[in-house]
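These numbers come from the heavy atoms of this one structure, side chains and all, not from hydrogens, waters or symmetry mates.
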Amino acid sequence: MLFGLRPILEALSAGRTLEKIFLLRGTKNSVTQEITELAKAANVPMSLVPIEKLNDLTRKNHQGAVAFVSPIDYQPLDSILAGLYEEGKTPLLLLLDRITDVRNFGSIARNAECMGVHAIVVPSRGAAQINGDALKTSAGALNLIPVCREPNLKETITFLQQSGVTIIACTEKSDASLEAETVDMTGPVAVLMGSEEDGISPEYLKLADHKLRIPMAGQIGSLNVSVASGIMLFEVLRQRLKSGQ
């Protein structure tokens with residue numbers, strides 16, 4: 001955690017990866033303006049909050065500014081995708097729409113690493129904070145698998161489709177069931193998972209190339225998103241192993 005405007009500005013200027021910045025609402029000066037510009041350029045989420053929020057975050061003299069330093073360095077998605085194609089690999093990506101629970105995120109990252117995912121993509125806003133709990137729950141996977149923080153998931157989905165990647169959304173709202181094997185997952189694929197509260201955003205769901213639901217036989221109508229991600233990713237891995245990839 002960083003406190004004060006100057007330390008946060010210096011951290012941004014030095015290229016340190018910040019998870020999120022909280023600034024006191026109503027504070028306007030040249031330093032806050034510079035912080036805002038640098039944070040936007042680095043896709044660092046920033047919130048303008050009342051003094052009570054800052055006091056809840058820390059009892060130290062924060063001077064109206066608090067920031068969390070990320071334990072990982074985010075990677076550029078376009079570079080990762082280009083590198084995979086250059087190496088002759090078939091991309092497997094995981095897109096997370098507003099996964100906010102830290103432990104869910106850590107579990108998802110562990111699933112992803114075990115199932116051969118090349119990168120996890122999260123939005124700049126509305127995503128779980130990557131902290132010590134996330135790292136612990138991931139069993140170290142977050143030190144092994146790249147995470148990309150994108151400012152606009154809609155544009156990201158379009159970019160991936162234009163790059164030859166098929167977007168497969170996991171949603172209970174689909175008539176197509178996963179076990180029917182109606183979707184070929186052996187090519188470049190990005191699996192899209194939705195939030196714990198309301199699933200995938202409608203605008204992203206419309207963009208998906210395929211929508212699949214996980215079949216269930218019990219009375220409860222939905223799975224925890226970390227469990228669902230594991231099932232979806234296993235099906236991708238199963239198809240690829242079966243095809244000899």
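The OG1 atom of T36 sits 10.0 Å away from atom NZ of K28, with the distance rounded to the nearest 0.5 Å. In this structure, S70 OG and K20 NZ are separated by 13.5 Å, a value rounded to the nearest 0.5 Å. To the nearest 0.5 Å, the span separating OG on S243 from CG on D184 amounts to 7.5 Å. Note that CG of L207 is 11.0 Å distant from CG of L160, once rounded to the nearest 0.5 Å. With rounding to the nearest 0.5 Å, the separation of CD in E113 from CG in L144 is 5.0 Å.
By the 4.5 Å side-chain criterion applied to Ile, Leu, Val, Met, Phe, Trp and Tyr, I220 is assigned to no cluster and stands alone. Cluster note: L5 groups with L2, I8, L9, L12, L18, I21, L23, V31, I35, L38, V44, M46, L48, V69 through ILVMFWY side-chain heavy atoms spaced under 4.5 Å, whether in direct contact or through intervening members.
Although no hydrogens or angles enter the test, the distance criterion places no donor-acceptor pair under 3.5 Å between the side chain of R98 and the main chain of G126. Checking side-chain atoms of E196 against main-chain N and O of D101 turns up a donor-acceptor pair under 3.5 Å. A donor-acceptor pair is defined here as one N or O able to donate and one able to accept, closer than 3.5 Å; no such pair exists between the side chain of T58 and the backbone of L54. Remark: side-chain polar atoms of S138 are not paired, donor with acceptor, to backbone N or O of R110 under 3.5 angstrom. Between the side chain of H118 and the main chain of L92, a donor-acceptor pair closer than 3.5 Å is present. The backbone N or O of N61 sits nowhere less than 3.5 Å from a side-chain atom of Q63 that would complete a donor-acceptor pair. A donor-acceptor pair under 3.5 Å is formed between the side chain of R240 and the backbone N or O of M185. Using a distance-only test at 3.5 Å, with no hydrogens or angles considered, a donor-acceptor pair links the side chain of T171 to the main chain of K173. With hydrogens and angles ignored, the 3.5 Å screen pairs a side-chain donor or acceptor of Q239 with a backbone N or O of V183.
Taking hydrophobic clusters as Ile, Leu, Val, Met, Phe, Trp and Tyr residues chained together by side-chain heavy-atom distances below 4.5 Å, I145 does not share a cluster with L95. Note: the hydrophobic cluster containing M232 also contains I120 (ILVMFWY, side chain heavy atoms under 4.5 Å, direct or indirect links).
T182 is listed as a side-chain neighbour of L212, based on a closest heavy-atom distance under 4.5 Å. Here the side chains of P215 and L178 are in contact, with some heavy-atom distance below 4.5 Å.
The number of heavy atoms from other shown groups lying within 6.0 Å of CZ (R238) is above 12. Around atom OH of Y85, more than 12 heavy atoms belonging to other residues, nucleotides or ligands sit under 6.0 Å away.
Using modelled atom types, one finds a donor on one side chain and an acceptor on the other under 3.5 Å when comparing D97 with S201.
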